[in-house]
Protein chains: 2
Amino acid sequence: MAEQQRLRGPYAKGVAKRDEILERALEVIAREGYRGASVKELAEAVGLSQAGLLHYFDSKEELFTEILRKRDEVDIAEQDLVGDEPADLRAAYLAVIRHNAEVPGLVQLFARLSVDATDPAHPAHRFFIERGVGLRTFFASAIADRQATGAITDRIDADTLARIVHAVVDGMQVQWMLEPDVDMAATVEALFELLSPAPGEGVSRTSN
Amino acid sequence: MAEQQRLRGPYAKGVAKRDEILERALEVIAREGYRGASVKELAEAVGLSQAGLLHYFDSKEELFTEILRKRDEVDIAEQDLVGDEPADLRAAYLAVIRHNAEVPGLVQLFARLSVDATDPAHPAHRFFIERGVGLRTFFASAIADRQATGAITDRIDADTLARIVHAVVDGMQVQWMLEPDVDMAATVEALFELLSPAPGEGVSRTSN
DNA sequence: GTCTATATTGAGATAGAC
DNA sequence: GTCTATCTCAATATAGAC
């Protein structure tokens, strides 16, 4: 049981090891892909037996949920998406998307789990709800700011626009997995263009 | 083996029965949901044993692929999405989306399979590629026509816009499955609004 | 064409030794 | 904390009777 780790906090050796496992898992899945991989496969890839790996996680589903949680953590840190309003949210987010195209296995895992977690009984259910809410809140607030300055159209409210952006990103991942030649980032970029209100305004194509 | 049905064409009794099975399956899944249902469960629901059902389909995956194919067929027929350019594509498509909200099981099945079929070895791989291409071609052509009349912005090319619409529809399904209060159709409608170039044009909110 | 029964496989989880 | 070994379960696929 993983109770020790959950309860004991920072001193528990388990926490560090658990984290190390997640990082290894992230690399392995990114590199070798995820095709409904079994715990055993992943265990071997990170250098443990199946039982050894499951020592740190209560179940397969919890394990994979934690991998995704870790991924978000890494992405957020890497792209400086920390403050409430990063210097260039748009560019930073496009960078995340471009990065995704380098780690197909993680995209597969994410897509698979986001469908499975649709079931309220799934351990990742809450995670995906909270993740979605967080993502869209973040975007909605950035969008609202730009609406106030006229940089983004206000014909549609910010919450709905945020929902659209979220949907496009998820939807494009599926299109890309199916046909890897598809350019996810370019399409999302086109969507951002679409959000700008008028043609020939401050919408030059110089920087962003 | 289902060879008889595949080879013999219209006379084979199997074809009619197969079709009947698919229709029943559609109803059952729509009504009772799909949670990674087993062949056995579905078989019982349509009034056959597992082996009896598998008599008509080569495998589970083929069975579920055919169910989805049948669903498209039904949707297209019901919404008159037949001609190259239906009277009101936008309204018809929104009707399909609204209809989806009535059949959660089919949306789940679709979402699940579209992720699994990402694998080139999956029997539904080709189906999903062709379906996507078809859908987007259809949309791109309608969009291009409207771009020519100025009803839709031409800042982004029609193919990319079609891709965005496709992505939003798929993405919204996931958001809706996770949080059933989400209004898929309303969000897609907002996207359509976004495609219109200027504010205060023929964009009244009278009917839908 | 449909059923019952069974083969086969593969997974996740758990017990218990070290 | 990690391993080996095993339990248990579920699911598809198939053989063969009727």
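The sequence lines fix the lettering, A, B, ..., with proteins before strands; numbering per chain opens at 1.
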Item to complete: Report the distance from atom CZ of Arg35(B) to atom P of dA11(D), rounded to the nearest whole Å.
Response: 15 Å
Worksheet, complete the sentence: Atom CG of Leu42(B) and atom P of dA11(D) are separated, to the nearest Å, by 13 Å
Discussion item. For a ring pair (Phe, Tyr, Trp, His ring centres under 6.0 Å) check, start with the C-alpha distance between Phe57(A) and Phe64(A), then their side-chain angles and the critical distance, and finish with the verdict.
Written reply: CA-CA 9 Å; Phe57(A) 303 89; Phe64(A) 284 111; 9.5 Å; no
Worksheet item: Looking at side-chain heavy atoms only, is the closest gap between Leu89(B) and Phe139(B) below 4.5 Å?
Response: yes
Worksheet item: To the nearest Å, how far apart are Lys17(B) NZ and dC3(C) C1'?
Response: 13 Å
Practice prompt. Could you tell me whether Glu44(A) and Lys40(A) make a salt bridge, using a distance below 4.0 angstrom between a side-chain N and a carboxylate O?
Written response: yes
Fill in: Rounded distance (Å) that lies between atom P of dT2(D) and atom CD of Glu44(A)
16 Å
Worksheet item: Nearest-Å distance, CG (Leu53(B)) to P (dT4(C))?
Response: 14 Å
Worksheet item: Between Glu62(A) and Arg18(A), is there a salt bridge with N-O shorter than 4.0 Å?
Response: yes
Worksheet item: Does Glu20(A) have any side chain to side chain donor-acceptor pair (under 3.5 Å) partners at least two apart in sequence or in another chain, and if so, which?
Response: none
Worksheet, complete the sentence: To the nearest angstrom, the CD-P distance between Glu20(A) and dG1(D) comes to 13 Å
Item to complete: Consider only side-chain N and O atoms of Glu41(A) and Ser38(A), and report whether a donor and an acceptor are under 3.5 Å apart.
Response: yes
Worksheet item: Between dG16(C) atom C1' and His55(A) atom NE2, what is the distance in whole Å?
Response: 14 Å
Worksheet item: Can a salt bridge be assigned to the pair Asp159(B) and Arg163(B) using a cut-off of 4.0 Å between side-chain N and carboxylate O?
Response: no
Discussion item. Under a 4.0 Å threshold between the charged nitrogen and the carboxylate oxygen, would Arg90(B) count as salt-bridged to Glu193(B)?
Written reply: yes
Fill in: Interface residues of residues 24-34 of chain A with DNA chain D (non-hydrogen, below 4.0 angstrom)
none
Practice prompt. Whole angstrom is fine here: how far is it from CZ in Phe57(B) over to P in dG1(C)?
Written response: 13 Å
Worksheet item: In the 5'-to-3' direction, what one-character label does each nucleotide of nucleotides 9-14 of chain C receive under the scheme B = base within less than 4.0 Å of a protein heavy atom, S = sugar-phosphate only, - = no such atom?
Response: --SBBB
Worksheet item: Between Phe138(B) and Tyr93(B), is the gap from one ring center to the other below 6.0 Å?
Response: no
